Amino acid sequence: MTETPLIQIRNLSKSYGQKQVLKNLSLDIYPGQVIGYIGPNGAGKSTTVKILTGLIPDFEGEVLVEGISMAKDPLAIKKLFGYVPENAEIYDVLTPMEYLDFIGKLYGMEENALQERARKLLAAFGLGVNADDRMDTFSKGMKQKVLLIAGIIHNPRIIILDEPLSGLDANAVIMIKELITRLSKEGKTIFYCSHMMDVVEKVSDRILLINKGEIIADGTFESLKQNHSDTLERIFSKLTGREDTSSETDAIINAFD
Ligand SMILES: Nc1ncnc2c1ncn2[C@@H]1O[C@H](COP(=O)(O)OP(=O)(O)OP(=O)(O)O)[C@@H](O)[C@H]1O
């Protein structure tokens, strides 16, 4: 590929105390890629994305986004990212509009544009009629949708979804798949962390497999299956155990077919 990488990660390492959780990661990520970032619990996925989004400022190595070093201008880089964290709590005494207004202003959005985009996205996610209702009356799936919208309210170039499906039902899975497809068509770069191999397979055009803080495979899902089937099987059967055969998981996986 001759294109300039959008994100360049060079020799990235991170330790918590004595424990090294990322070991010398080097990666180039290109504009428009949909990357599935997979690996077992504790492999280092969330730590990687928290470094990319500026939430963990102390690390070794270098991260460049659009050629700008994270160390030099973290605020400029933060605005390029939209981040939907795993298991986030929402401040649910607010309405979606109040919450999105708060988040949008953190990104410096102008009031009218912010209101317009918030209502448009809420309607697109089927929450138009709930835009001004307090979220403490919402289901988990409805709150997750608001968190997703909050992650993309400022129209970021790069979107990071960290396990956006945990605990959600099959409808939410369909919604995520549609969202990823739509955002990818708009040219967004997407970094999608998940334990659900089958789901990642269907939405990603590049898979990164991380284990114990090291990227052990990088390629298409097909190439991964050919060259790392043992690792994939070991990791995911250990990881998901019986869950993969539960009817709920089956329903989620089937939602993609
Ligand atoms: N703030 C922290 N302090 C100390 N150790 C941490 C901290 N955050 C993460 N860790 C440890 O770092 C390792 C990597 O964690 P991380 O959350 O990045 O993994 P992950 O791949 O996202 O896992 P999961 O799939 O379970 O979310 C784990 O062993 C975790 O216990």
Side-chain angles (χ1 to χ4, degrees), residues 7 9-27 29 33-63 65 70 74 77-78 81-90 140 143-144 147-148 151 158-168 172-173 176 180 189-204 206-219 221 224 228 231-244 246 248-249 252-253:
I7 304 173
I9 298 174
R10 296 284 174 265
N11 306 316
L12 176 64
S13 294
K14 169 71 190 168
S15 299
Y16 294 110
Q18 295 297 309
K19 188 175 178 187
Q20 189 174 12
V21 298
L22 292 181
K23 298 171 188 163
N24 220 23
L25 258 60
S26 289
L27 279 176
I29 296 170
Q33 284 190 327
V34 179
I35 294 180
Y37 196 33
I38 60 175
N41 287 114
K45 300 180 298 294
S46 294
T47 301
T48 314
V49 299
K50 283 180 185 162
I51 290 173
L52 290 180
T53 52
L55 288 172
I56 297 179
D58 54 323
F59 55 85
E60 287 168 50
E62 192 171 29
V63 176
V65 185
M70 176 78 87
I77 289 180
K78 265 188 188 175
F81 281 93
Y83 178 46
V84 181
E86 183 181 9
N87 295 325
E89 286 294 323
I90 202 160
K140 187 173 177 191
K143 288 180 190 175
Q144 182 69 11
L147 284 166
L148 272 167
I158 309 153
I159 294 148
I160 297 190
L161 303 168
D162 194 354
E163 288 288 355
L165 301 172
S166 59
L168 295 188
V173 178
I176 292 276
I180 292 177
T189 303
I190 299 166
F191 211 83
Y192 178 83
C193 304
S194 185
H195 287 148
M196 296 179 68
M197 187 169 69
D198 296 19
V199 175
V200 173
E201 177 182 6
K202 292 197 170 71
V203 298
S204 318
R206 178 180 174 192
I207 309 278
L208 299 173
L209 176 58
I210 183 170
N211 194 26
K212 296 181 182 164
E214 290 179 278
I215 303 285
I216 58 169
D218 176 358
F221 202 85
L224 237 77
H228 295 273
T231 317
L232 284 182
E233 207 168 297
R234 183 173 51 78
I235 289 175
F236 284 97
S237 61
K238 187 175 147 204
L239 191 73
T240 51
R242 289 180 50 77
E243 277 175 37
D244 255 0
S246 73
E248 189 182 333
T249 309
I252 288 172
I253 302 305

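Source: prediction; values computed, not measured. FYI, side chains are in, hydrogens and waters are out, and symmetry mates aren't considered; it's all heavy atoms of this structure. Whatever order the structure lists them in is the order used to number ligands and atoms, beginning at 1.
Only one option out of Asp58, Ile56, Leu25 pairs with Ile51 in a side-chain contact (heavy atoms from CB on, under 4.5 Å); it is Ile56. Considering Val49, Leu55, Ile159, Thr53 as possible partners of Phe81, the one that fulfils the side-chain contact (heavy atoms from CB on, under 4.5 Å) test is Thr53.
Using a 4.0 Å cut-off between a side-chain N of Lys or Arg and a carboxylate O of Asp or Glu, Asp218 and Arg206 qualify as a salt bridge.
Taking a heavy-atom cut-off of under 4.0 Å, ligand 1 is surrounded by Tyr16, Lys19, Val21, Pro40, Asn41, Gly42, Ala43, Gly44, Lys45, Ser46, Thr47, Glu86, His195.
Taking Phe191 as the reference, Tyr37 meet the ring pair (Phe, Tyr, Trp, His ring centres under 6.0 Å) condition, with sequence neighbours excluded. In this structure Lys50 satisfies the salt bridge (Lys or Arg N to Asp or Glu O under 4.0 Å) test with no other residue, sequence neighbours excluded. Residues that satisfy the salt bridge (Lys or Arg N to Asp or Glu O under 4.0 Å) test with Lys143, not counting sequence neighbours, are Asp92.
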